[in-house]
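Structure first, commentary second.
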Amino acid sequence: MSEIVGGLFTSHVPGIGAAIAKGLQDDPYWKPFFDGFIPVHRWLEQRRPDVAVVFYNDHGLNFFLDKMPTFAIGAAPEYRHEDEGWGIGGYKPYPGHPDLSWHIIEQVVASEFDPVTCQSMTVDHAVAVPFELCWPDAKAWPVKLVPICINTVQHPLPSPKRCLELGRAVGRALRSWKGDEKILVMGTGGLSHQLEGKRAGFINTDYDRFCLNNIGPNPEALLRHDSLDIVELAGSQGVEILNWLAARGALTGDVVELASNYHVPISNTAAATALFENREFLPA
Amino acid sequence: MSDPTERRVIPGTPVFDGHSAQRGYALNAMCYSFNDADKRAAFVADEEAYMARFRLSPEQLDAVRRRDVPAMIAAGGNVYYLAKLAGIFGLNVQDLGALQTGMAVEDFKAGLLAHAVTERRAAA
């Protein structure tokens, strides 16, 4: 019987990937962020998940404005990261899990969600950077990937409530999966940051702390703000917290925080990493 | 689509909505093409010819020619796509921040560092 072992939430700033490529993990600017992964590595080594279900947003690699899905679920046998415009690409390919993807698709559609389904799909730094952070020494990825993409680019965005409910539907699907995999749920992006406009560089440590303190024990607290409220509170790109909310929804058990690291700034971003164990073990 | 006068205004914060998505389509489409290294090279080789292929509006053409990031955003550019163009110009997101806020890059970075904090929790 499958098991949802936990949730890993992390920022996905492209500069983190560049820092990894340059070996800057111990550089004084980067070390306080990378050190947040020490307990994550220890936990992943102990729990050894087989599958990662990743809630993220695409930044203009796979999706353009010609067709912009609100929710898209990957169902490919393999996913690739490609050049996003800066000549950085060619990360190791990500093996998919089409059977589990289709099970999730069937179950979330039965839960009255209407995702776009993708049998061919590239994944950008929002998947690649968290994978590099989690398994820095892997020759090949130890997990199969199910990517779930949420539109945080073109308004209107889905509501925070809808994202949490999508995650809950995915969590129900994972619980009903007959395989024996250990499943890690990931939510990537955030926390507060804004790249455009006169308010570029905006950071809101109070709102970030509110998110970090509530995402585990009380995710409903984040529903008091709508998506535009979150843009105002967390910045245009801080709205990526929607990915965290969806991932949190997929953790269906007794959620226990194992580690949390909040470090400002990384690039233009208030960076954060949080690890939660999901302690509801499924009946055999 | 909602009446523009009734849309919510968040100070200093362009909200990329259906209005912007329509207005900025050509510029964003050109920027999206820059995922391909050959397309980036073609733009560098002949900027005007490349922009003509994507039928940029006069406002967008002018903004790109002047490397005017706020004007690109005002013309419907989305920062995720513009970041690909900015890369061709050798600009990172701190440079973009400085250009939009009218600050020197060092001052923009200092503004980010003014929030500097590290807070860590670990379960026993």
Side-chain angles (χ1 to χ4, degrees), chain A residues 13-15 32-33 35-36 38-39 57-61 64-66 68 82-87 89 122 153-156 192-205 209 212 228 231-232 235-237 256-265 267-270 272 274-275 277, chain B residues 2 7-8 10-22 24-25 28-29 31-37 39-40 69-70 73 77-88 92-94 96-103 108-109 111-123:
Chain A
V13 181
F33 174 74
D35 279 356
I38 294 169
N57 58 295
D58 181 86
H59 305 70
L61 179 66
F64 179 60
L65 305 172
D66 56 342
M68 180 56 72
E82 288 175 4
D83 187 348
E84 296 178 47
W86 314 298
T122 52
V153 175
Q154 176 184 275
H155 291 256
S192 63
H193 62 303
Q194 176 159 331
L195 300 177
E196 71 271 56
K198 287 257 183 231
R199 206 174 65 142
F202 176 75
I203 281 172
N204 184 346
T205 52
R209 289 189 186 101
L212 280 169
L228 282 170
V231 167
E232 182 150 15
S236 314
Q237 284 72 40
V256 180
E257 181 185 284
L258 297 185
S260 163
N261 187 46
Y262 179 58
H263 176 70
V264 188
S267 186
N268 291 16
T269 301
L275 174 65
E277 196 153 55
Chain B
S2 62
R7 284 200 299 268
R8 176 165 168 181
I10 301 173
T13 305
V15 172
F16 189 79
D17 58 7
H19 176 77
S20 309
Q22 291 181 82
Y25 195 90
N28 291 317
C31 293
Y32 181 66
S33 78
F34 295 144
N35 283 339
D36 183 335
K39 305 279 178 57
R40 298 196 291 273
V69 175
I73 296 213
N78 175 280
V79 73
Y80 288 135
Y81 304 106
L82 293 180
K84 302 169 196 296
L85 174 62
I88 297 175
N92 65 28
V93 290
Q94 279 87 49
L96 291 183
L99 286 168
Q100 295 175 92
T101 54
M103 300 165 87
F108 183 79
K109 288 182 179 173
L112 293 164
L113 284 167
H115 299 283
V117 66
T118 305
E119 294 169 359
R120 198 165 291 158
R121 296 193 290 251

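- Under the 3.5 Å distance criterion, with hydrogens and angles disregarded, no donor-acceptor pair is assigned to the side chains of D17(B) and Q154(A).
- Of the listed residues (V153(A), L212(A), T269(A)), the one with the most heavy-atom contacts under 4.5 Å to chain B is V153(A).
- Of the two parts of N28(B), the backbone and the side chain both hold a non-hydrogen atom closer than 4.5 Å to a non-hydrogen atom of chain A.
- Scored by the side chain to side chain donor-acceptor pair (under 3.5 Å) test, N204(A) finds no partners at all (sequence neighbours excluded).
- A salt bridge does not link K84(B) to E84(A): none of the charged side-chain nitrogens sits closer than 4.0 Å to a carboxylate oxygen.
- With a 4.5 angstrom heavy-atom cutoff, I73(B) touches chain A only via side-chain atoms.
- Residues F16(B) and Y80(B) keep their aromatic ring centres 6.0 Å or farther apart.
- Contact tally against chain B (heavy-atom pairs below 4.5 Å) for D35(A), D66(A), N268(A): the top residue is N268(A).
- P14(B) touches chain A through backbone and side chain together, each having a heavy atom under 4.5 Å away.
- No side-chain heavy atom of T13(B) sits less than 4.5 Å from a side-chain heavy atom of K198(A).
- Ranking L113(B), L85(B), V93(B), V69(B) against chain A, the residue ahead of the rest is V93(B), based on heavy-atom pairs under 4.5 Å.
- Of the listed residues (P70(B), A29(B), A37(B), G87(B)), the one with the most heavy-atom contacts under 4.5 Å to chain A is A29(B).
- Residue with the most contacts toward chain B among S236(A), A200(A), S260(A): S260(A) (heavy-atom pairs, distance under 4.5 Å).
- Both the backbone and the side chain of A83(B) come within less than 4.5 Å of a heavy atom of chain A.
- When S267(A), A272(A), G36(A) are compared by the number of non-hydrogen pairs under 4.5 Å with chain B, S267(A) comes out ahead.
- Heavy atoms of L275(A) lying under 4.5 Å from chain B are absent altogether.
- Interface remark: A114(B) contributes no atoms to any contact with chain A (heavy atom separation under 4.5 Å).
- For the residue pair N261(A)/H263(A), the side-chain donor-acceptor check at 3.5 Å is not satisfied.
- Relative ring orientation between F64(A) and Y32(B) is described as parallel, the plane-to-plane angle staying below 30° on a 0-90° scale split at 30° and 60°.
- With respect to D83(A) and R40(B), a salt bridge is recorded, a charged nitrogen being found less than 4.0 Å from a carboxylate O.
- Within the 4.5 angstrom heavy-atom criterion, atoms from both the backbone and the side chain of E196(A) approach chain B.
- Contacts of P32(A) with chain B are made by both backbone and side-chain atoms, with heavy-atom separations under 4.5 Å.
- Side-chain N or O atoms of S33(B) include none that pairs as donor or acceptor with a backbone N or O of C31(B) at under 3.5 Å.
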